[in-house]
Undergrad: 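Sending over a structure as structure tokens; questions will come in a sec.
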Amino acid sequence: MAKQHESNSKKDFIREIVADDILSGKHETAVTRFPPEPNGYLHIGHAKSICLNFGIAQEHSNSGARCHLRFDDTNPAKEETEYVEAIKEDIRWLGFDWKEHLYFASDYFDQLHAWAVHLISEGKAYVDDLNAAEIREYRGSLTEPGKESPYRERDVEENLALFERMKLGDFTDGEKVLRAKIDMAHANLNLRDPVLYRILHKKHHRTGDLWCIYPTYDYAHGQSDAIEGITHSLCTLEFEHHRPLYDWLVNNLPVPLRPRQIEFAKLRPTFFLMSKRRLLEMVREEYVDGWDDPRMATLSGLRRRGYPPAAIRSLCKTVGVTKFNSVTDVALLEHAVREELNKTAQRRMVVMEPIKVSITNWPSDGHVEMMSAVNNPEDSNAGRREIALSGEVFIERSDFMEDPPKKYYRLSPGAEVRLRYSYCIRCEEVIKNDEGDVVELRCTYDPETLGKNPVDRKVRGAVHWVPANEAFEADVRLYDRTFLVEDPAAEDDWRDALNPDALTELTGCKMEPILKNALPGECFQFERNGYFCVDSKYSVPGKPLFNRTVPLRDSWGKKQSK
RNA sequence: UGCCGAAUGGUGUAACGGUAGCACGAGUGACUCUGACUCACUUUGUCUAGGUUCGAAUCCUAGUUCGGCAACCA
């Protein structure tokens with residue numbers, strides 16, 4: 001109920017149209033579809049469309065709404081089964097389910113062909129002998145009308161025979177096309193006799209060699225929608241001027257219903273490159289380690305990086321659905337990621353760049369005390385774990401400064417700091433090597449400070465640590481933004497905008513022993529550092545590799561860098 | 001020189017003729033065994049010009065700016 005109310009109070013213009021259509025009785029329910037072409041991997045931009053289409057279906061589930069997954073596989077030159085499976089996995093990961101409604105445009109080739117014959121019979125389509133260059137020339141320009149093809153007035157019988165021969169394979173690629181007969185002078189170029197079918201002697205990933213003519217997107221899409229009973233066909237803004245053609249086809253064909261196409265603005269996060277072509281270049285030229293590299297904007301890349309699906313859904317919700325061509329600040333995405341991970345990720349202590357601390361007044365060499373640490377302060381069900389403290393620990397090199405600035409709450413000579421979940425220690429002595437590098441800190445601990453603050457003084461800082469003798473060592477990959485500029489697509493060459501520090505590899509980081517058993521895909525907060533996820537590609541049992549998803553906010557670091 | 005669409009703080013998004021609100025960001029402070037989280041406060045906005053109206057972000061007119069469009073891609 002509360003959820004229902006919430007969705008009522010904040011509806012975007014598309015959801016309003018859908019709700020109105022159901023309320024008015026125009027449609028009994030809503031049927032939407034997500035129609036990817038299986039020619040590449042899904043990226044974060046697709047997530048918006050997925051959340052919209054599947055989201056609407058969920059919100060109207062009480063009236064039987066559904067969302068289809070339809071592969072728009074009308075161009076065998078570009079499509080592969082590999083992509084079909086990857087796309088399915090990504091949608092499921094995002095948290096959506098098409099149930100039994102999995103379809104392919106190629107399922108409709110027979111019907112689409114029959115309707116093309118219908119159009120020819122009605123004198124609304126014709127076979128054209130012009131080649132691609134000639135068609136372009138005849139089309140005219142944005143400001144000048146086109147001119148009609150000399151083949152435009154062929155009679156129905158001839159067109160029918162020719163189209164049949166196209167189908168039979170009598171012609172080579174590009175020799176002939178089927179075109180709708182609309183208006184070569186139309187202001188909208190899409191209505192200047194658009195191509196409906198082209199000859200492509202190519203093996204299709206599903207229909208094999210059965211066909212050598214394939215419908216174009218414009219011809220196939222609306223009709224596929226109609227066949228499936230789609231009520232609202234949602235697509236991005238660049239298809240706006242295709243809508244008149246969409247409507248023309250659906251109005252001139254005996255389709256079971258006329259879906260309504262509605263366009264919305266794409267998701268465009270800053271610092272991301274989303275074009276399939278560019279993504280492909282990044283992979284092919286080995287700037288990254290495959291489609292699922294954590295630096296990629298693909299859903300599989302974000303997954304490997306540790307972005308929770310709930311965070312991506314949350315981003316889509318805050319971004320909303322409008323016709324305004326907006327740019328989304330990555331900060332919105334990162335906030336959504338941190339918000340989700342803060343609630344769900346267990347805390348662990350990991351020292352990236354260690355410095356040894358010896359506790360000089362620790363009872364004796366063999367003495368060990370178990371420290372109890374909260375797994376997740378935001379989740380009371382997450383429990384606790386124990387960490388063994390003995391006389392030697394590692395702390396972060398950056399948590400010690402010999403000559404600290406004001407308001408430095410960490411360790412420095414003579415200063416006191418708390419070992420998180422443990423005792424307070426005071427730095428008594430700094431040991432350096434011959435080069436003058438600090439190699440060890442000799443500290444004393446205050447036995448009265450376990451679980452309570454000292455009464456006579458204030459210890460402000462708490463630092464993470466790892467027991468020196470049983471630290472687990474593992475590698476960590478620090479990911480940063482992949483590009484240095486907000487809009488890499490606007491660069492002459494995206495390669496120039498790559499962030500050279502997008503990946504920093506650390507080896508032998510000191511970790512709590514319990515991290516040895518971390519499972520691929522598991523997310524953690526390394527305290528005072530960031531959120532990390534166990535890599536699902538290169539981790540092996542007992543030897544996890546950690547990817548940094550996003551750092552924690554750092555107001556101290558920000559202040560220091562000013 | 002054409003057609004289509006869109007304009008609300010730095011960013012995203014509400015307000016459906018009646019108090020311009022929310023989130024992010026930024027800043028300040030409080031709290032803190034994570035300089036995290038949380039909390040409080042602050043900052044900044046209706047593209048322009050006319051018009052209709054008691055009243056306009058909202059309706060009308062004109063302009064400006066931005067985006068998209070000339071694959072046998074989707």
Side-chain angles (χ1 to χ4, degrees), chain A residues 9-10 12 16 35-37 39 72 74-75 77-79 128 130-132 135-137 139-146 173-179 186-190 192 194-200 213-214 216-218 220-221 235-244 263 265 270 276 315 317-336 338-339 342-343 347 349 373-374 377-378 407-410 417-424 449-453 459-464 525-530 551-560:
Chain A
S9 62
K10 245 189 132 178
D12 57 69
E16 259 173 30
E37 183 188 15
N39 69 341
D72 228 331
T74 56
N75 185 355
K78 295 176 150 192
E79 296 148 6
D128 195 351
L130 256 29
N131 64 34
I135 287 179
R136 192 181 323 123
E137 192 190 321
R139 184 154 33 228
S141 74
L142 292 175
T143 50
E144 299 155 327
D173 288 7
E175 205 178 330
K176 289 184 168 33
V177 289
L178 183 72
R179 292 230 253 169
H186 201 105
N188 181 342
L189 271 56
N190 289 115
R192 320 244 264 228
V195 172
L196 267 23
Y197 266 93
R198 72 290 211 181
I199 299 170
L200 242 31
I213 56 171
Y214 292 94
T216 56
Y217 162 84
D218 281 314
H221 201 90
C235 61
T236 45
L237 249 26
E238 68 267 29
F239 292 101
E240 227 158 6
H241 53 281
H242 289 245
R243 182 168 11 106
E263 310 86 13
T270 52
K276 269 182 188 172
L315 174 77
K317 195 173 174 186
T318 55
V319 157
V321 182
T322 67
K323 286 176 101 84
F324 178 56
N325 226 308
S326 60
V327 172
T328 299
D329 192 334
V330 259
L332 254 35
L333 208 209
E334 290 176 352
H335 172 259
R338 290 194 185 103
E339 188 179 46
N342 181 46
K343 286 187 293 189
R347 317 282 124 125
M349 294 197 290
V374 178
E378 308 289 324
K407 293 208 166 181
Y408 185 76
Y409 300 156
R410 305 171 190 184
V417 79
R418 177 178 292 280
L419 293 181
R420 188 144 159 80
Y421 305 121
S422 180
Y423 298 98
C424 295
T449 55
L450 185 61
K452 52 181 186 274
N453 286 321
V459 177
R460 296 205 71 160
V463 303
H464 57 281
Q525 184 197 98
F526 290 175
E527 293 208 59
R528 306 206 305 132
N529 187 331
L552 248 32
R553 288 186 63 193
D554 180 15
S555 55
W556 169 248
K558 199 188 287 175
K559 194 186 279 182
Q560 288 312 104

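Naming: A, B, ... by sequence-line order, numbering from 1 per chain.
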Undergrad: So A:Tyr197, base contact, sugar-phosphate only, or nothing? Heavy-atom distance under 4.0 Å.
TA: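 Counting heavy atoms under 4.0 Å across all strands, no contact is made by A:Tyr197.
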Undergrad: Watson-Crick or G-U wobble partner for B:U1, using a 3.5 Å limit on both distances?
TA: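 Partner of B:U1: none found under 3.5 Å.
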Undergrad: If every non-hydrogen atom of A:His241 is compared with every non-hydrogen atom of A:Asn190, which pair is closest and at what distance?
TA: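 Looking at all heavy atoms of both residues, the shortest contact is CD2-OD1, 2.8 Å.
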Undergrad: At under 4.0 Å, does any side-chain N or O of A:Ser555 touch on OP1 or OP2 of B:A36?
TA: yes
Undergrad: Start at the 5' end of RNA chain B and walk down; is the nucleotide closest to A:Glu378 or to A:Ala187 reached first?
TA: A:Ala187
Undergrad: Check every strand shown and say whether A:Pro377 touches a base, only sugar-phosphate, or nothing at a heavy-atom separation below 4.0 Å.
TA: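 The answer is base, as A:Pro377 lies within the cut-off (heavy atoms under 4.0 Å) of a base atom.
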Undergrad: Establish, with yes or no, whether the OP1 or OP2 oxygen of B:U13 is under 4.0 angstrom from a side-chain nitrogen or oxygen of A:Thr322.
TA: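 Answer yes for this pair, as a side-chain N or O of A:Thr322 is under 4.0 Å from OP1 or OP2.
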Undergrad: What are the two closest heavy atoms between A:Glu79 and A:Asp72, and how far apart are they?
TA: OE2-O, 3.5 Å
Undergrad: Sort out the partner of B:A56 for me: Watson-Crick or G-U wobble, both distances under 3.5 Å, none otherwise.
TA: none
Undergrad: Measure from CG on A:Leu189 to P on B:C4 and round the result to the nearest Å.
TA: 13 Å
Undergrad: Among B:U34, B:C33, B:G35, which nucleotide sits nearest the side chain of A:Arg418?
TA: B:C33
Undergrad: Once you apply a heavy-atom cut-off of 4.0 Å, does A:Leu237 come out as touching a base, just sugar-phosphate, or nothing?
TA: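 Answer is nothing: A:Leu237 stays at 4.0 Å or more from every strand.
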Undergrad: Taking 4.0 Å as the cut-off, does a side-chain nitrogen or oxygen of A:Arg553 come that near to OP1 or OP2 on B:G35?
TA: no
Undergrad: For a quick check, tell me whether the side chain of A:Glu144 and the base of B:U1 share a donor-acceptor pair closer than 3.5 Å.
TA: no
Undergrad: Applying a 4.0 Å non-hydrogen cut-off, can you work out what A:Ala331 is touching in the nucleic acid: base, sugar-phosphate, or nothing?
TA: sugar-phosphate
Undergrad: Taking only the side-chain heavy atoms of A:His335 (C-beta and beyond), determine which of B:C24, B:A74, B:A36 contains the nearest atom.
TA: B:C24
Undergrad: To the nearest Å, how far apart are A:His242 NE2 and B:C3 P?
TA: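 It is 18 Å, rounded to the nearest whole Å.
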Undergrad: Below the 4.0 Å mark, does B:G35 have OP1 or OP2 next to a side-chain nitrogen or oxygen of A:Arg528?
TA: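 Yes.
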Undergrad: To the side chain of A:Tyr217, which of B:G25, B:A74, B:C4 is closest?
TA: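 Side chain of A:Tyr217 sits closest to B:A74.
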Undergrad: Taking only the side-chain heavy atoms of A:Leu552 (C-beta and beyond), determine which of B:G12, B:A36, B:C72 contains the nearest atom.
TA: B:A36
Undergrad: With the side chain of A:Leu332 defined as its heavy atoms from C-beta on, choose the nearest nucleotide among B:G12, B:A14, B:A74.
TA: B:G12
Undergrad: With under 30° as parallel and over 60° as perpendicular, where do the rings of A:Tyr217 and A:Phe239 fit, or are they tilted in between?
TA: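 Geometry flag for A:Phe239 against A:Tyr217: tilted rings.
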Undergrad: Nearest to the side chain of A:Ser141, which nucleotide is it out of B:C73, B:A70, B:G12?
TA: B:A70
Undergrad: Find the distance A:Leu315:CG to B:G25:P and express it as a whole number of Å.
TA: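 Atom CG in A:Leu315 sits about 13 Å away from atom P in B:G25.
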Undergrad: Identify whether the glycosidic angle of B:A71 places it syn (within 90° of 0) or anti.
TA: syn
Undergrad: Please classify the nucleic acid contact of A:Arg347 as base, sugar-phosphate, or nothing, using heavy-atom distances under 4.0 Å.
TA: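 Touches a base.
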Undergrad: Could you state the interatomic distance from CE (A:Met349) to CG (A:Leu419), rounded to the nearest 0.5 Å?
TA: 8.0 Å
Undergrad: Look at A:Lys558 and B:G27 and indicate whether a side-chain polar atom (N or O) is within less than 4.0 Å of OP1 or OP2.
TA: yes
Undergrad: Side-chain N or O of A:Arg139 less than 4.0 angstrom from OP1 or OP2 on B:A71?
TA: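 Affirmative; the distance criterion is met.
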Undergrad: Using a cut-off of 4.0 Å on non-hydrogen atoms, how would the nucleic acid contact of A:Leu130 be classed: base, sugar-phosphate, or nothing?
TA: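 Base, at least one base atom sits under 4.0 Å.
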Undergrad: Does a side-chain N or O of A:Thr143 approach OP1 or OP2 of B:C3 to a distance below 4.0 Å, or not?
TA: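 Answer is no, no contact under 4.0 Å.
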Undergrad: Which base sits across from B:A15 as a Watson-Crick or G-U pair, both distances under 3.5 Å?
TA: none
Undergrad: Please work out if A:Tyr408 contacts a base, only the sugar-phosphate, or nothing of the nucleic acid, heavy-atom cut-off 4.0 Å.
TA: base
Undergrad: Is A:Val319 touching bases, backbone alone, or none of the nucleic acid, heavy atoms closer than 4.0 Å?
TA: sugar-phosphate
Undergrad: Quick check for you: to the nearest 0.5 Å, what is the distance between A:Thr74 atom OG1 and A:Glu37 atom CD?
TA: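 It comes to 6.5 Å.
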Undergrad: Paired with B:C73: which nucleotide, if any, by Watson-Crick or G-U wobble criteria at under 3.5 Å for both distances?
TA: none
Undergrad: Which nucleotide, in any strand shown, forms a Watson-Crick or G-U wobble pair with B:U44, with both distances under 3.5 Å?
TA: none
Undergrad: Both A:His241 and A:Asn529 contact RNA chain B. Taking the nearest nucleotide for each, which residue is further toward the 5' end?
TA: A:Asn529
Undergrad: Which pair of heavy atoms, one from A:Lys78 and one from A:Asn39, lies closest together, and at what distance?
TA: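 The pair with the smallest heavy-atom distance is O-CB, 3.3 Å.
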Undergrad: Can you tell me how far the CD atom of A:Glu240 sits from the NE2 atom of A:His242, to the nearest 0.5 Å?
TA: 10.5 Å
Undergrad: Given B:G5, B:C73, B:C16, which nucleotide is nearest the side-chain atoms of A:Lys323?
TA: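 Nucleotide nearest to A:Lys323's side chain: B:G5.
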Undergrad: Have a look at A:Leu200 and say if it touches a base, only the backbone sugar-phosphate, or nothing, with a 4.0 Å heavy-atom cut-off.
TA: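 Here A:Leu200 touches no strand at all.
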Undergrad: When only distance counts, do a donor and an acceptor, one from the side chain of A:Glu16 and one from the base of B:C16, lie under 3.5 Å apart?
TA: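 Such a pair exists between side chain and base.
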Undergrad: By the 4.0 Å heavy-atom rule, please label A:Val327 as base, sugar-phosphate, or nothing.
TA: sugar-phosphate
Undergrad: Which heavy-atom pair separates A:Ile135 from A:Val195 by the least distance, and what is that distance?
TA: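 It is CD1-CG2, 4.5 Å.
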Undergrad: Ignoring hydrogens, what is the shortest heavy-atom contact between A:Arg192 and A:Glu144? Give both atom names and the distance.
TA: NH2-O, 2.7 Å
Undergrad: Look at the side chain of A:Asn131 and decide which nucleotide, out of B:C72, B:G35, B:C37, has an atom nearest to it.
TA: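 Out of B:C72, B:G35, B:C37, the nucleotide with an atom closest to A:Asn131's side chain is B:C72.
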Undergrad: Is any side-chain N or O of A:Asn39 closer than 4.0 Å to OP1 or OP2 of B:C73?
TA: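 No, because none of the side-chain N or O atoms of A:Asn39 sits under 4.0 Å from OP1 or OP2 of B:C73.
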Undergrad: Any base atoms under 4.0 Å from A:Lys78, or only sugar-phosphate, or nothing? Heavy atoms, all strands.
TA: base
Undergrad: Would you say A:Arg136 places a side-chain N or O within less than 4.0 Å of OP1 or OP2 belonging to B:A71?
TA: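 Answer is yes, contact under 4.0 Å.
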Undergrad: With a 4.0 Å cut-off on heavy atoms, is A:Gly146 in touch with a base, just the backbone sugar-phosphate, or nothing at all?
TA: nothing
Undergrad: OP1 or OP2 of B:A74 sitting under 4.0 Å from any side-chain N/O of A:Arg198?
TA: yes
Undergrad: Using purine N1 to pyrimidine N3 plus N6-O4 or O6-N4 for Watson-Crick, or N1-O2 and O6-N3 for G-U wobble, both under 3.5 Å, which nucleotide pairs with B:U64?
TA: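 Paired with B:A7.
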Undergrad: As a test of reading the structure: which of B:C72, B:G67, B:U32 is closest to the side chain of A:Arg460, going by heavy atoms?
TA: B:U32
Undergrad: Have a look at A:Arg243 and say if it touches a base, only the backbone sugar-phosphate, or nothing, with a 4.0 Å heavy-atom cut-off.
TA: nothing
Undergrad: Between the base of B:A6 and the ring of A:Phe324 - centre-to-centre under 5.5 Å, planes within under 30° - is that a stack?
TA: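 Given the distance and angle limits, no, they do not stack.
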Undergrad: If you compare all heavy atoms of A:Arg418 against all heavy atoms of A:Val459, which two are closest, and at what distance to 0.1 Å?
TA: N-CG1, 3.7 Å
Undergrad: Indicate, with a heavy-atom threshold strictly under 4.0 Å, whether A:Asp218 touches base, sugar-phosphate, or nothing.
TA: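 The answer is nothing, as A:Asp218 stays clear of every strand by at least 4.0 Å.
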